[in-house]
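Okay, so here's the structure we're looking at.
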Number of protein chains: 2
Amino acid sequence: MTEAVTMSNLMRALADPTRRTVFERVFDSEEISVADLTRGSGVTQGAISQHLKSLKQAGLVAERAEGRHVFYHAAPEGLEPLVTWMDHYGVFWRDRFTNLRSLLKEIDP
Amino acid sequence: MTEAVTMSNLMRALADPTRRTVFERVFDSEEISVADLTRGSGVTQGAISQHLKSLKQAGLVAERAEGRHVFYHAAPEGLEPLVTWMDHYGVFWRDRFTNLRSLLKEIDP
DNA sequence: CTAATGCATTAGTCAATGCTAATATATTTG
DNA sequence: CAAATATATTAGCATTGACTAATGCATTAG
C-alpha cells in the first residue's frame, strides 16, 4: 500500500501543469529561491510556496535555508517510484535499443 | 502546448488510484469487458465506464466492441510521453547500468 | 415480441484542489 | 530599533473530480 500511496503523491504532484513547471524550473537551476520561482510564474508567492510544499512531500525537491532566503533544488531520485511502476509495462527498452549501444560505449569504451 | 496537454491528461489519468488499478487490470488481461472490470473494483459500473473514458482519452487503453460487449485492451505506448518527459531528468539510466550489459547480451549475444 | 443484459451518459452530491488576499514569522538593512 | 524583505501559512472562494443512482440505448435471449 505504501507504494500506491507514494505513486499517488507523485502523480498528483506532477498532474498540475503549474506545479510541473515549478519542478522543471527548479531542476533546470542549480538552486533557486522562491522569489525567483514566483517571478514569471503567473501566480502569487503563496501559491508557489504551496506547490513547493507538495513537491517536497512527493520527494521531488529539497530545500536549503540561508538567512531569510530558502533555496530549492531538485531531487530527481524522487521520480524512482514512477520509473519502477513504468518498468512493469516494458516501456523503457522499447525503441531504445539503438541508444543503448552508444550509451554502453560511452560508459565502457 | 500539445505536449503539455498530453502530459496533463496522462498524469491526471494515472493520479487516481482506482483508475490506475483499472489500467493495471486491463494491462494484465489480454482483453477484458467492462463488467469484468467492475467486478471486485469496489465502485459501480458507471464509475468504471468513466475511468475507461479518461484512460482512453489519455491514450492508455483502446476498445473493441462485439455485440453488446465492449472489450478493452491496454495501449502502453500511451505512456511514451511520460517516458520522454522523464528522460529529460536522467532517471532512466541511473542505477541501471548493470542491467544494461545483460540486456544487450540478450539482444545481440 | 418482451425481457434481460452490457455499457455509456447524465444530474446531483461531497470532498479535494488551486488560487488569492491577508497575515504571521524570521531575518536583514538603514 | 524600525522598515523592508523573503517565505510560510491561513481562510475563503471557485472549480474540478470521483462517485452514485437513475436512465438511455443497443443487443441478445426466451
Side-chain angles (χ1 to χ4, degrees), chain A residues 1 4-26 29-75, chain B residues 4-26 29-74:
Chain A
M1 188 175 12
V5 170
T6 302
M7 272 295 293
S8 291
N9 277 351
L10 245 179
M11 296 303 296
R12 261 187 299 118
L14 295 174
D16 181 70
T18 305
R19 193 161 43 232
R20 202 164 54 240
T21 300
V22 169
F23 172 70
E24 288 163 354
R25 288 185 65 193
V26 171
S29 318
E30 184 73 21
E31 269 193 335
I32 187 166
S33 68
V34 178
D36 279 356
L37 280 170
T38 302
R39 199 181 321 282
S41 70
V43 297
T44 61
Q45 175 266 315
I48 294 294
S49 273
Q50 291 171 26
H51 284 310
L52 287 168
K53 187 176 182 181
S54 295
L55 291 171
K56 188 169 117 188
Q57 282 172 180
L60 290 170
V61 303
E63 56 191 331
R64 179 182 68 87
E66 180 183 323
R68 56 183 170 180
H69 299 263
V70 177
F71 295 101
Y72 282 84
H73 59 273
Chain B
V5 170
T6 303
M7 277 295 296
S8 291
N9 277 351
L10 246 178
M11 296 284 199
R12 262 186 297 117
L14 295 174
D16 181 70
T18 305
R19 193 161 43 233
R20 204 164 51 240
T21 300
V22 169
F23 172 70
E24 289 163 355
R25 288 185 65 194
V26 170
S29 317
E30 186 74 20
E31 268 193 335
I32 187 166
S33 69
V34 178
D36 279 357
L37 280 170
T38 303
R39 199 181 321 282
S41 70
V43 297
T44 62
Q45 175 266 314
I48 293 293
S49 274
Q50 292 170 25
H51 284 310
L52 287 168
K53 188 177 182 179
S54 295
L55 291 171
K56 187 168 116 187
Q57 282 173 176
L60 290 169
V61 303
E63 56 192 332
R64 179 181 68 89
E66 179 182 324
R68 56 183 171 181
H69 299 266
V70 177
F71 295 101
Y72 282 85
H73 59 273

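Nothing here was measured: the structure is a model prediction, and the numbers come from that model. Throughout, protein chains are lettered first and strands after them, A, B, ... in sequence-line order, and every chain is numbered starting at 1.
- Atom CG in L10(B) sits 10.0 Å away from atom CG in L55(B) (nearest 0.5 Å).
- Along DNA chain C, read 5' to 3', the first and last nucleotides having any atom under 4.0 Å from a heavy atom of chain B are dA4(C) to dT10(C).
- Counting only residues at least two apart or on different chains, no ring-ring contact (aromatic ring centres under 6.0 Å, His included) pair has a member in residues 44-65 of chain A.
- Note that CD of Q50(B) is 9.5 Å distant from CD1 of I48(B), once rounded to the nearest 0.5 Å.
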N/O-N/O pairs, protein side and nucleotides 10-16 of chain D side, under 3.5 Å:
residue	atom	partner	partner atom	Å
dT10(D)	O4	Q50(A)	NE2	3.1

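- Nearest-nucleotide positions on DNA chain D for Q45(B) and H51(B) put H51(B) closer to the 5' end.
- Legend: salt bridge (charged side-chain N to carboxylate O under 4.0 Å, His left out) pairs involving residues 50-59 of chain B, not counting sequence neighbours, sorted by first then second residue: K56(B)-E63(B).
- For T44(B), the side-chain contact (heavy atoms from CB on, under 4.5 Å) partners two or more places apart in sequence, or in a different chain, are A47(B).
- If you take CD of Q57(B) and P of dG17(D), they are 11 Å apart, rounded to a whole angstrom.
- Shown for residues 30-42 of chain A: residues whose heavy atoms fall under 4.0 angstrom of DNA chain D, namely S33(A), V34(A), A35(A).
- Residues that satisfy the side-chain contact (heavy atoms from CB on, under 4.5 Å) test with H69(A), not counting sequence neighbours, are F71(A).
- Here S29(B) pairs with I32(B) under the side-chain contact (heavy atoms from CB on, under 4.5 Å) rule; sequence neighbours left out.
- Under a 3.5 Å cut-off, the side chain of S49(B) and the backbone N or O of G46(B) do not form any donor-acceptor pair.
- Heavy-atom distances to DNA chain C give each of T44(A) and E66(A) a nearest nucleotide, and the one nearer the 5′ end belongs to T44(A).
- Taking A74(A) as the reference, F23(A), V26(A), F27(A), P76(A) meet the side-chain contact (heavy atoms from CB on, under 4.5 Å) condition, with sequence neighbours excluded.
- Where A47(A) and R68(A) meet DNA chain C, the nucleotide closest to each residue was compared, and A47(A) sits on the side nearer the 5' end.
- A donor-acceptor pair under 3.5 Å is formed between the side chain of R20(B) and the backbone N or O of L14(B).
- One finds the OH atom of Y72(B) at 9.0 Å from the CG atom of L37(B) (value rounded to the nearest 0.5 Å).
- The terminal axes of the helix from dC1(C)-dG30(D) to dG30(C)-dC1(D), fitted over 5 pairs per end, subtend an angle of 10° to the nearest 10°.
- Within the nucleic acid shown, Y72(B) comes within 4.0 Å of sugar-phosphate atoms alone, with no base atom in reach, counting heavy atoms only.
- Within the structure, the salt bridge (charged side-chain N to carboxylate O under 4.0 Å, His left out) test picks out the following pairs touching residues 33-48 of chain B (sequence neighbours left out): D36(B)-R39(B).
- Residue pairs that meet the salt bridge (charged side-chain N to carboxylate O under 4.0 Å, His left out) test with at least one member in residues 7-16 of chain A, sequence neighbours left out, do not exist here.
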